[in-house]
Amino acid sequence: MPSQPEAEFGITETRRILGEVFAPWVRDLDLSIERIEHAQPADAPDWQPGALLRMPFSERLCRNGGVVCGQALMAFADTAMVIAIFAANRGYRPMTTVDQTTHFMRAVSSSDVLADARVVRLGRTMSFGRVTLLSASDNKPVAMVSSAFAMLPG
């Protein structure tokens, strides 16, 4: 799938990529892309490109006790970071996860989860990022994730 020219890249293109590139079970998470950021504002020198995604609450994602399971949160964070890298690249580029470290801070239940994914370094062969997962009900962090991706040819 070729990358779209910069002028055509936006949230519509990002949503299309989410629907076409990811595995069916990731699409089953019913993720929505709320915002992508790929153009640095003039008044934000420490800005990083990124994306904000939402994972709707579902009992199917919960373990015993009604808590959203860590596996779902980690898959969500990984997907959000890939979308953030798409935003930084202004289009699709093949990649694979090399490393992901998740620090769970508190349980989340009966709430959508937000992922604020930021690209720390966009490289030719490796890219690095961080994701903050937040409970949508109170906007408090539930996990912090750092990750590394190998950028693939193609």
Side-chain angles (χ1 to χ4, degrees), residues 1-41 44-58 60-61 63 68-106 108 112-136 139-154:
M1 169 184 315
S3 181
Q4 297 295 314
E6 181 178 326
E8 295 179 22
F9 182 77
I11 198 161
T12 301
E13 176 67 6
T14 308
R15 288 178 176 145
R16 184 189 66 75
I17 293 169
L18 177 64
E20 291 179 6
V21 172
F22 291 90
W25 66 268
V26 173
R27 291 192 305 267
D28 288 346
L29 294 173
D30 197 26
L31 306 179
S32 61
I33 302 169
E34 308 239 324
R35 183 175 69 238
I36 60 167
E37 299 175 25
H38 57 77
Q40 181 170 357
D46 61 345
W47 173 88
Q48 296 170 318
L52 181 69
L53 279 74
R54 177 181 296 265
M55 182 174 70
F57 176 78
S58 169
R60 293 185 63 223
L61 302 177
R63 62 175 173 82
V68 178
C69 71
Q71 295 93 331
L73 293 172
M74 291 175 72
F76 179 36
D78 185 70
T79 304
M81 197 63 242
V82 169
I83 296 296
I85 293 172
F86 289 167
N89 277 314
R90 292 174 172 83
Y92 175 79
R93 183 169 174 201
M95 68 189 82
T96 190
T97 309
V98 173
D99 181 65
Q100 179 172 312
T101 301
T102 304
H103 298 280
F104 295 101
M105 301 162 69
R106 68 184 184 109
V108 61
D112 290 1
V113 180
L114 300 172
D116 182 5
R118 298 291 160 178
V119 177
V120 174
R121 180 180 177 273
L122 183 65
R124 189 177 55 78
T125 60
M126 292 288 296
S127 293
F128 302 87
R130 63 177 171 79
V131 180
T132 303
L133 296 178
L134 307 144
S135 170
N139 214 35
K140 291 185 179 177
V142 297
M144 297 182 315
V145 182
S146 62
S147 52
F149 293 83
M151 308 309 291
L152 304 174

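For the numbers below, each heavy atom of this structure counts, side chains included, while hydrogens, waters and symmetry mates do not. Count residues from 1 along the sequence.
Interatomic distance, E20 CD to L18 CG, rounded to the nearest 0.5 Å: 10.0 Å. Atoms CD1 and CD, from I33 and E13 in turn, are 10.0 Å apart once rounded to the nearest 0.5 Å.
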Please output the side-chain donor-acceptor pairs of residues 96-105 that fall under 3.5 Å, not counting sequence neighbours, one pair per line with the distance.
unit_1	atom_1	unit_2	atom_2	d
T97	OG1	D78	OD1	2.7
Q100	NE2	M74	O	3.1

Show me the donor-acceptor pairs within less than 3.5 Å that the side chains of residues 126-134 make with the rest of the protein, sequence neighbours left out.
unit_1	atom_1	unit_2	atom_2	d
S127	OG	G123	N	3.2
R130	NE	Q48	OE1	3.4
R130	NH2	Q48	OE1	2.7

Tell me which donor-acceptor pairs under 3.5 Å the side chains of residues 145-154 have, and how far apart each pair is, sequence neighbours excluded?
none

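The shortest distance between side-chain heavy atoms of F22 and L31 does not fall below 4.5 Å. Taking the side chain as every heavy atom from C-beta outward, V68 and M55 approach each other to under 4.5 Å. Inter-residue side-chain proximity for V82 and M95 is flagged as met; some heavy-atom pair is nearer than 4.5 Å.
Applying the ring pair (Phe, Tyr, Trp, His ring centres under 6.0 Å) rule to F76 yields no partners; only residues at least two apart in sequence or on another chain are considered. Take A51 and apply the side-chain contact (heavy atoms from CB on, under 4.5 Å) test, not counting sequence neighbours, and it matches I36, L53, I83, A84. For R106, the side-chain contact (heavy atoms from CB on, under 4.5 Å) partners at least two apart in sequence or on another chain are S135, D138, K140, V142.
The stretch residues 112-125 participates, sequence neighbours left out, in these salt bridge (Lys or Arg N to Asp or Glu O under 4.0 Å) pairs: E37-R118, R54-D112, D116-R118.
Pairing each heavy atom of A87 with each of G50, the nearest pair is CB-O, 3.8 Å.
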